[in-house]
2 protein chains.
Amino acid sequence: MGANDTLMHMKTSSAPVPPAPSDDAAAVELGPLRSMLHHALRAAQAGVMDELQAAFAAEDMRALPFAILVVLSRNPGLRQIQVGFALGIQPTNLVPLIDALEERGLAERRPVPRDRRAHGLFLTRLGAETLARLEAQAAAHEARLAERLGPGGREQLLALLRRLTDPRHPPAQD
Amino acid sequence: MGANDTLMHMKTSSAPVPPAPSDDAAAVELGPLRSMLHHALRAAQAGVMDELQAAFAAEDMRALPFAILVVLSRNPGLRQIQVGFALGIQPTNLVPLIDALEERGLAERRPVPRDRRAHGLFLTRLGAETLARLEAQAAAHEARLAERLGPGGREQLLALLRRLTDPRHPPAQD
DNA sequence: TATTGTTATACTCTATAACTATA
DNA sequence: TATAGTTATAGAGTATAACAATA
């Protein structure tokens, strides 16, 4: 089941390829990891997140709180539980994240009219302004990624990633 | 720059689609996150890792120590620094991982002949046997993923992920 | 001086259990 | 009895600084 992708890298030229310990450190054999999706996903996600966080560094922001701000901007008044569900964050882990956004004056909790248990979440003015700059940074980052992938590559990658975990995205033409 | 992928989900049938607040919770608007790679990568990686760790649960194993075992099996005697470089783990964070593998009797540190600072890392017999079972689980998991992606999807996804972060994989035909 | 490995430490992200105040 | 939010806590994973032994 694709365990030996390694064999697909055979050269067709007649001159034998030198074992190439040239790179010294890159000479480590990864075996089946080389063609395993979980490993490729980890590497890609780490690299992409590092880049995004570098782009966000000037605003002292990270991917997760940014995602919360984006969701609040499109769904003002949303409750914490719904934000958590949308982003895959458990309610319990959302609390300190919202706390931090509130302390920085970017978001706020407001009482919900008919349910005194719940909090409606809103961006502040400052939050909206900050988010505008962050979204510009994120879009620029996304454009850099798209350039590396070539024409159509980004859309293709998004579709494949969705198929990987979302049952509503069936496999392509069989 | 692909900010409105949302519009690409238009139905071509004449009957207007109901706004579908049907799902109740899925009715949260994600805005630009919906088409951002860093977000799609996070979701995909989390799902895939959850599945892999479920597959590894019987052996009490996780993705990172598994990757170390794989590397040691293909490169016996490798030094910690090289393992870390190959897997993107800092030397300092590798120490407790190797400690744990050693305590479980799966790997061991041996002195290196000509350099008394370094440790050569090796799988134990038990480590090799355990790894064989783990690799079978991982291959089965990989096959399940491949099935979701349809024919050629897995190879396509691997190529795109490499292009995303590895400068040695240039964009496809422009 | 530089390198290999290590300790100590801190931060982010994720996970479970138990609690409160409402409904 | 169930739900929204919270506290406390623990475990991965990752990061920096400083150190010992050796090269």
Side-chain angles (χ1 to χ4, degrees), chain A residues 24-25 38-39 41-43 45-54 56-57 60-68 77-103 107-121, chain B residues 24-25 38-39 41-43 45-54 56-57 60-68 77-103 107-121:
Chain A
D24 220 19
H38 80 267
H39 189 256
L41 280 168
R42 183 178 90 92
Q45 206 235 1
V48 166
M49 281 299 178
D50 279 358
E51 291 174 358
L52 183 66
Q53 278 154 18
F56 281 175
D60 189 24
M61 180 56 51
R62 298 176 61 85
L64 209 49
F66 167 70
I68 296 173
L78 211 61
R79 299 171 182 209
Q80 288 186 206
I81 268 211
Q82 297 173 297
V83 174
F85 184 86
L87 296 177
I89 309 172
Q90 289 184 312
T92 182
N93 295 324
L94 205 54
V95 173
L97 290 168
I98 305 289
D99 286 350
L101 292 176
E102 211 165 23
E103 280 158 23
E108 57 181 1
R109 292 182 245 234
R110 293 191 210 153
V112 166
R114 276 177 164 45
D115 189 340
R116 293 197 341 230
R117 296 171 303 179
H119 299 153
L121 298 177
Chain B
D24 219 20
H38 80 267
H39 189 256
L41 280 168
R42 183 178 89 92
Q45 207 235 0
V48 166
M49 281 299 178
D50 279 358
E51 291 174 358
L52 183 66
Q53 279 155 18
F56 281 175
D60 188 24
M61 179 58 51
R62 299 176 61 85
L64 210 48
F66 167 70
I68 297 173
L78 211 61
R79 298 171 183 208
Q80 287 184 209
I81 267 211
Q82 297 174 297
V83 173
F85 183 86
L87 296 177
I89 309 171
Q90 289 184 313
T92 184
N93 295 324
L94 205 54
V95 174
L97 290 169
I98 304 289
D99 286 350
L101 291 176
E102 210 165 23
E103 280 157 24
E108 57 182 359
R109 291 182 246 235
R110 294 191 210 153
V112 166
R114 274 174 167 49
D115 188 340
R116 291 193 346 226
R117 296 171 303 180
H119 299 153
L121 298 177

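The structure presented is a predicted model; accordingly, all values stated were derived computationally and were not measured. Throughout, a chain's letter reflects where its sequence line sits, starting with A, and its residues are numbered from 1.
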ask   = Is A:Q80 near enough to D:dT6 that one of its side-chain N or O atoms lies under 4.0 angstrom from OP1 or OP2?
value = yes

request  = Please determine if a side-chain N or O atom of A:R62 lies less than 4.0 Å away from the OP1 or OP2 oxygen of D:dA15.
outcome  =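 Answer is no, no contact under 4.0 Å.
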
Any side-chain heavy-atom pair of [X] and [Y] under 4.5 Å:
X	Y	result
A:L94	A:I68	yes
B:L41	A:M49	no
A:R42	B:L87	yes

message = Go through it in stages, so that I can follow the logic: the residues are B:Q82 and B:L121, the test is side-chain contact (heavy atoms from CB on, under 4.5 Å), and I'd like the CA-CA distance, side-chain angles, deciding distance and then a yes or no.
response = CA-CA 10 Å; B:Q82 297 174 297; B:L121 298 177; over 6 Å; no

Write down the distance between [atom1] ([X]) and [atom2] ([N]), rounded to a whole number of angstrom.
X	N	atom1	atom2	answer
B:L94	D:dT14	CG	P	11 Å
B:M61	D:dA12	CE	P	12 Å
A:R110	D:dG5	CZ	P	15 Å
B:Q45	C:dT14	CD	P	10 Å
B:I89	C:dG5	CD1	P	14 Å
A:L87	C:dT12	CG	C1'	16 Å
B:L101	D:dA12	CG	P	13 Å
A:L121	D:dT6	CG	C1'	14 Å

request  = Return the nearest nucleotide to the side chain of B:L97; candidates are D:dG13, D:dA4, C:dT6.
outcome  = D:dG13

task = Check every atom of C:dT14, C:dC13, D:dG5 against the side chain of B:R42 and return the nucleotide holding the closest atom.
result = C:dT14

key: Side chain B:Q80, main chain B:H119, donor-acceptor under 3.5 Å   = no

query = Contact class for B:L64 vs. all strands (heavy atom < 4.0 Å): base, sugar-phosphate, or nothing?
reply =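 If one applies the 4.0 Å heavy-atom cut-off, B:L64 turns out to touch the sugar-phosphate alone, with no base involved.
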
All side-chain contact (heavy atoms from CB on, under 4.5 Å) counterparts of A:R110, not counting sequence neighbours =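 A:R110: side-chain contact (heavy atoms from CB on, under 4.5 Å) contacts with A:E108, A:F122.
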
A:R62: partners by side-chain contact (heavy atoms from CB on, under 4.5 Å), with sequence neighbours left out =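 So A:R62 forms a side-chain contact (heavy atoms from CB on, under 4.5 Å) with A:Q53, A:P65.
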
inquiry  = Assuming nearest nucleotide by heavy-atom distance, tell me which of A:A46 and A:P96 is located more 5' along DNA chain D.
reply    = A:P96

query = Who pairs with A:D115 by side chain to side chain donor-acceptor pair (under 3.5 Å), at least two apart in sequence or on another chain?
reply = A:R79, A:R117

task = With sequence neighbours excluded, tell me which residues meet side chain to side chain donor-acceptor pair (under 3.5 Å) with A:N93.
result =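 A:N93 satisfies side chain to side chain donor-acceptor pair (under 3.5 Å) with no other residue.
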
message = What's the angle between the local helix axes at either end of the helix from C:dT1-D:dA23 to C:dA23-D:dT1, using five pairs per end and rounding to 10 degrees?
response =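 Result, rounded to 10 degrees: 10°.
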
Sugar-phosphate or base contact per nucleotide [nucleotides 15-23 of chain C; S, B, -; heavy atom under 4.0 Å] = BBB---BBS

